[in-house]
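Here the structure is a predicted model, which means the values were calculated and not measured. Counting begins at 1 with the first residue of the sequence.
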Amino acid sequence: METEHEERTGAGRRPSVRALVAGSVGNFIEWYEFGVFGYFATVIAERFFTPAGGGTVEGLVKTYASFALAFFFRPVGAALFGRLGDRIGRRPVLILVISLMTVTTALIGALPTYATVGVLAPWLLTLLRVLQGLSAGGEFGGAVAVMTEFAPPGRRGLYGAWQSFTVALGLLGGAGVAAVPVSLLSEAQLNAWGWRLPFLLALPMGLGALWLRLRLDETPTFREQEPAESLPARDVAWAVALGAGRVMGWAAAGYAFLVVLPSYLQTALHATFREALTATVLANLGFAATIIPAGLLSDRIGRRPVMLTGAALVAVLAVPLLDLLQNQSTSTPLKGLAVLLAGAIVGLMAGPGPALLAEMFPTRVRCTGLGLAYALSNAVFSGCAGLIITEAVKRTGNVDVPAYYAAAACAVSMLALFRKTAFNGTAGKAGGADAGDRPDVGNVVRRH
């Protein structure tokens, strides 16, 4: 027998679990691809951005520039698909973005290289990265809206955390798949065609995700919302800017420690590809281990306390942890523990982050608002992370740059987490509120 809340919102166990899986599977594919791209950044740089006589670092910088460009199209995708999601529904948008994401990822695995088509190769790769950025921008807002709007009472933090958890699963999946050709193929085979296989694998994964989303219902929160006056553009813009500030530490630290780390270890600390891949797997294991507990804890004590703890720990420990990696006298187990801890701290911010963003915006602007906040933050502080860190290390010779970058971003996030939006107290009216300083009030059920 369903409870009154389940009857009114459709947040019973079956639809909510279905929404959880269908919402998070696209995020898995997105971050699987970004992880694979990061792991093979040095190979891609050589195949697409380094003609004969070009330098390795120069090619890597160009690769990360392409990486960053895709992120700058995320806000465009968030605005475009988010607006559609707020007007016509979450479900059709999620179907559209997973289709676009799947096709573009698979095509990267089939692209001709610089040796085959010359200067056209990097332009084709960049075009596909732009299309991925558009689809990824629409993915986050729609998926988080679906997962949190289907969440049972008092479980928005837990359900939203699964969106972040699939980031870890996607990066770990990318690492695992990347490790197969690295282990089984020679270096020549890997550089010639082995790097393509993980990208091509996105096609069957995407078809599975599409099947799940075709079976998904529209969220009850979207269906039941009442017509309302337009919200002041100034209030929405402030909430978007504040949301971006709140998650910028998560974005910067996450990319510095989880994606940029492999190439950084190889170019700055002269680690082997296998050593860098192992370190990244450990960081992502630590990241994955704390996300769900952090989201669950945020349902009990509030989003802000958990996220503030993570941001403060990054600000304080980033430099000491990186120093451990740089110190040649540090034992291998201790280095492994350092990267594991770095990932775990980022998880404290990533767990409550999706629910915090969802609760900052009323239903009628939720897809657009939370998608834009997340996309803008990631465009600046994630997409540019590899480019900024690589170029800064190249110019200054200071190998502590990744730690300074992550610590500074987290310090700003701490300040943003203490500010409030213009939508405080609207949970009962619009299905969302800035509930980051208290338990899951955003799940208050509006009675007609």
Side-chain angles (χ1 to χ4, degrees), residues 11 13-32 34-35 139-140 143-176 209 212 246-247 249-251 253-255 257-259 280-314 339-359 370 374 413 417 435-436 438-443:
R13 185 176 184 278
R14 290 180 61 188
S16 61
V17 171
R18 186 183 304 156
L20 188 67
V21 175
S24 60
V25 68
N27 201 51
F28 172 86
I29 295 174
E30 173 193 343
W31 289 93
Y32 163 86
F34 279 117
E139 170 67 27
F140 185 85
V144 171
V146 163
M147 295 161 72
T148 56
E149 288 175 0
F150 268 113
R155 286 293 182 267
R156 269 189 179 167
L158 176 61
Y159 271 57
W162 278 92
Q163 182 75 350
S164 296
F165 187 62
T166 52
V167 173
L169 291 182
L171 292 173
L172 286 169
L212 287 170
R246 288 176 172 183
V247 299
W250 165 22
Y255 256 72
F257 296 152
L258 305 177
V259 177
T280 308
V281 169
L282 288 173
N284 278 282
L285 285 173
F287 179 57
T290 57
I291 291 172
I292 299 299
L296 188 59
L297 181 62
S298 77
D299 283 328
R300 295 180 176 273
I301 67 173
R303 319 291 178 223
R304 289 192 186 117
V306 182
M307 295 190 71
L308 280 168
T309 300
L313 287 174
V314 171
V339 295
L340 190 73
L341 179 60
I345 294 172
V346 177
L348 294 179
M349 294 180 284
L356 178 135
L357 288 176
E359 290 165 348
L370 77 89
Y374 182 79
S413 280
L417 283 163
R438 55 197 185 278
D440 195 1
V441 302
N443 275 319

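- The distance from the CG atom of Leu357 to the CD atom of Gln163 is 11.0 Å, given to the nearest 0.5 Å.
- Tyr32 meets the ring pair (Phe, Tyr, Trp, His ring centres under 6.0 Å) test with no other residue; sequence neighbours excluded.
- For the side chain to side chain donor-acceptor pair (under 3.5 Å) test, no residue two or more places apart in sequence or in another chain qualifies with Ser24.
- Under the rule for a side-chain contact (heavy atoms from CB on, under 4.5 Å), the partners of Leu212 that lie at least two apart in sequence or sit in another chain are Val21, Ala22, Val25.
- For the atom pair CE of Met307 and CZ of Arg246, the computed distance is 8.5 Å after rounding to the nearest 0.5 Å.
- Atom OG1 in Thr290 sits 11.0 Å away from atom CG in Leu285 (nearest 0.5 Å).
- Proximity of Leu370 to Phe140: side-chain heavy atoms (C-beta onward) are separated by under 4.5 Å at one or more points.
- Annotation for Ala161 and Gly295: closest pair CB-CA, 3.9 Å, computed over non-hydrogen atoms.
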Compile the donor-acceptor pairs under 3.5 Å between side chains in residues 343-356 and protein atoms, sequence neighbours left out, one pair per line.
none

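- Taking the side-chain contact (heavy atoms from CB on, under 4.5 Å) definition, one finds that Ala145 meets it with Arg90, Glu149, Arg366, Cys367, sequence neighbours left out.
- Ala143 approaches Gly23 most closely through the heavy-atom pair CB-O, 3.2 Å.
- Closest approach of Val144 and Thr148 over heavy atoms only: O-OG1, 2.7 Å.
- Going from atom CG of Leu169 over to atom CD1 of Ile29 covers 12.5 Å, rounded to the nearest 0.5 Å.
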- Item | From CA spacing to verdict: side chain to side chain contact (heavy atoms under 4.5 Å, CB included), Val167, Phe287 | CA-CA 9 Å; Val167 173; Phe287 179 57; 3.9 Å; yes

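- Here CG of Leu313 is found 11.0 Å from CG of Leu308. Values are rounded to the nearest 0.5 Å.
- The side-chain heavy atoms of Trp162 and Asn27, taken from C-beta on, include no pair separated by under 4.5 Å.
- Trp31 pairs by the ring pair (Phe, Tyr, Trp, His ring centres under 6.0 Å) definition with Phe34, Tyr255, not counting sequence neighbours.
- Atom CG in Leu172 sits 10.0 Å away from atom CG in Leu282 (nearest 0.5 Å).
- Shown here for Ala283 and Phe257, the closest heavy-atom pair between the two residues is CB-O, 3.8 Å.
- When all heavy atoms are compared, the tightest approach of Val314 to Ala253 is CG1-CB, 4.2 Å.
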